[in-house]
Amino acid sequence: MSTKGTYFFMTNDVKPLYYLPWLRTFEAAARRENFTLAARDLGLTQAAVSQHLQLLESALGEKLFERKRRGVTLTAAGAAFLPHVQSAFNSIQRSAGELFGEKANIRITVRSPISFAVLWLSPRLPQLARDLPHISLEVKTIQLPADYGEEPGDFDIRFGSGSFAGREALRLTSERLVPAVAPALLNGSDPADALKRLPLLGVAGAREMWRAWFESAKLPYAAPPLFRFDSFIAALAAAEAGAGVLLASRPLVDRYLEDGRLVTLSSHELAGDQGHFLTWRAGRMLGHAASELLDWIGAQ
């Protein structure tokens with residue numbers, strides 16, 4: 001590269017392909033922390049790698065590497081620049097895959113509470129495979145809200161009222177709560193009496209709504225839950241096994257009510273503004289496949 005090429009890099013006249021090799025070399029050298037290994041990855045000579053990086057540093061006016069006897073390390077400027085370069089290359093690779101690659105390789109990650117993944121999402125996966133066969137869905141289940149702080153996926157399914165900091169949200173469910181038990185526990189008795197005599201099953205945290213249900217039904221609050229679980233799916237399994245009365249979340253348990261695995265003890269449902277939402281990072285430009293999945297889930 002000539003000095004003139006370096007000058008063009010700093011102007012609006014340069015075509016992006018002129019300096020993309022420098023950025024690719026920078027990413028490989030930063031990832032490997034070694035010019036020799038970067039040269040091997042890129043099929044270049046070590047001299048070519050050094051030249052690319054010198055030209056890039058000259059164009060940016062910043063030193064990106066500290067050269068040492070054994071390898072190199074990033075300067076503060078280089079460390080700050082690296083994630084932006086990697087993000088840009090990842091975006092190009094993702095877009096190229098979606099537009100020109102094998103459609104079956106389009107992978108989208110969804111993080112979801114395990115209860116929602118099991119009860120709402122999983123039964124719909126056969127239809128998803130038929131409607132969007134080119135999308136490969138990776139479902140990662142989370143247990144606590146803090147788990148969302150880990151490495152982000154394409155979409156998060158979150159429970160709440162729809163306001164999630166820094167995220168767009170599409171409502172999927174509106175929760176309605178109703179007491180339900182395994183049919184064997186009734187044994188011909190009156191449902192109202194069963195509600196008084198049978199132990200309650202609770203879910204720890206904000207999902208513990210028994211007191212609110214009794215108040216809305218204008219009934220005296222019974223004893224606190226005898227058994228308490230850290231997830232709704234675990235409490236549901238206990239209810240199906242006959243351990244007690246579950247404050248069942250509809251529509252998650254609708255299949256259980258339809259096929260008779262559970263029966264309700266009251267027609268009174270406690271409805272609120274909370275529910276499950278499909279969310280994604282605010283301001284994020286969704287790729288074609290992600291937009292397809294968003295529309296498909298929304299239609300469900």
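Counting from 1, the numbers follow the sequence of the chain as shown. Treat the numbers as computed from the prediction; the structure is a model and nothing was measured.
- The CG atom of L195 lies 4.5 Å from the CZ atom of F214; values are rounded to the nearest 0.5 Å.
- Residue pairs meeting the ring-ring contact (aromatic ring centres under 6.0 Å, His included) criterion with at least one partner in residues 170-189, sequence neighbours excluded, do not occur; the list is empty.
- Distance check: L293 CG to D154 CG gives 9.0 Å after rounding to the nearest 0.5 Å.
- Side-chain atoms of S122 come within 3.5 Å of backbone atoms of A117 as a donor-acceptor pair (strictly under, hydrogens ignored).
- Qualifying side-chain contact (heavy atoms from CB on, under 4.5 Å) partners for T73, counting only residues two or more places apart in sequence or in other chains: E66, K68.
- No donor-acceptor distance shorter than 3.5 angstrom exists from the side chain of T25 to the backbone of H52, with no hydrogens or angles considered.
- Remark: F116 pairs with W120, H276 by the ring-ring contact (aromatic ring centres under 6.0 Å, His included) rule, at least two apart or across chains.
- For T279, the side-chain hydrogen bond (donor to acceptor under 3.5 Å, both in side chains) partners are R167, not counting sequence neighbours.
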task = Apply salt bridge (charged side-chain N to carboxylate O under 4.0 Å, His left out) to R24 and E27, showing your working.
result = CA-CA 5 Å; R24 192 58 177 158; E27 192 279 332; 3.5 Å; yes
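- Every residue two or more places apart in sequence or in another chain that forms a side-chain contact (heavy atoms from CB on, under 4.5 Å) with D259 is listed here: R261.
- With hydrogens and angles ignored, the 3.5 Å screen pairs a side-chain donor or acceptor of S216 with a backbone N or O of W213.
- Under the 3.5 Å distance criterion, the side-chain polar atoms of W210 are matched with a main-chain donor or acceptor of L201.
- Under the side-chain hydrogen bond (donor to acceptor under 3.5 Å, both in side chains) criterion, S174 pairs with R171, sequence neighbours left out.
- Every residue meeting the salt bridge (charged side-chain N to carboxylate O under 4.0 Å, His left out) condition with E269, not counting sequence neighbours, appears here in chain and number order: R176, R250.
- Side-chain N or O atoms of E175 include none that pairs as donor or acceptor with a backbone N or O of S249 at under 3.5 Å.
- When the ring-ring contact (aromatic ring centres under 6.0 Å, His included) test is applied to F229, no partner is found at least two apart in sequence or on another chain.
- Every residue two or more places apart in sequence or in another chain was checked for a ring-ring contact (aromatic ring centres under 6.0 Å, His included) with F227, and none qualifies.
- Taking the side-chain hydrogen bond (donor to acceptor under 3.5 Å, both in side chains) definition, one finds that T36 meets it with Q46, sequence neighbours left out.
- Listed by chain and number, the residues in a side-chain contact (heavy atoms from CB on, under 4.5 Å) with A180 are A248, L257, L262 (sequence neighbours excluded).
- Scanning for salt bridge (charged side-chain N to carboxylate O under 4.0 Å, His left out) contacts around R211 gives an empty result, with sequence neighbours left out.
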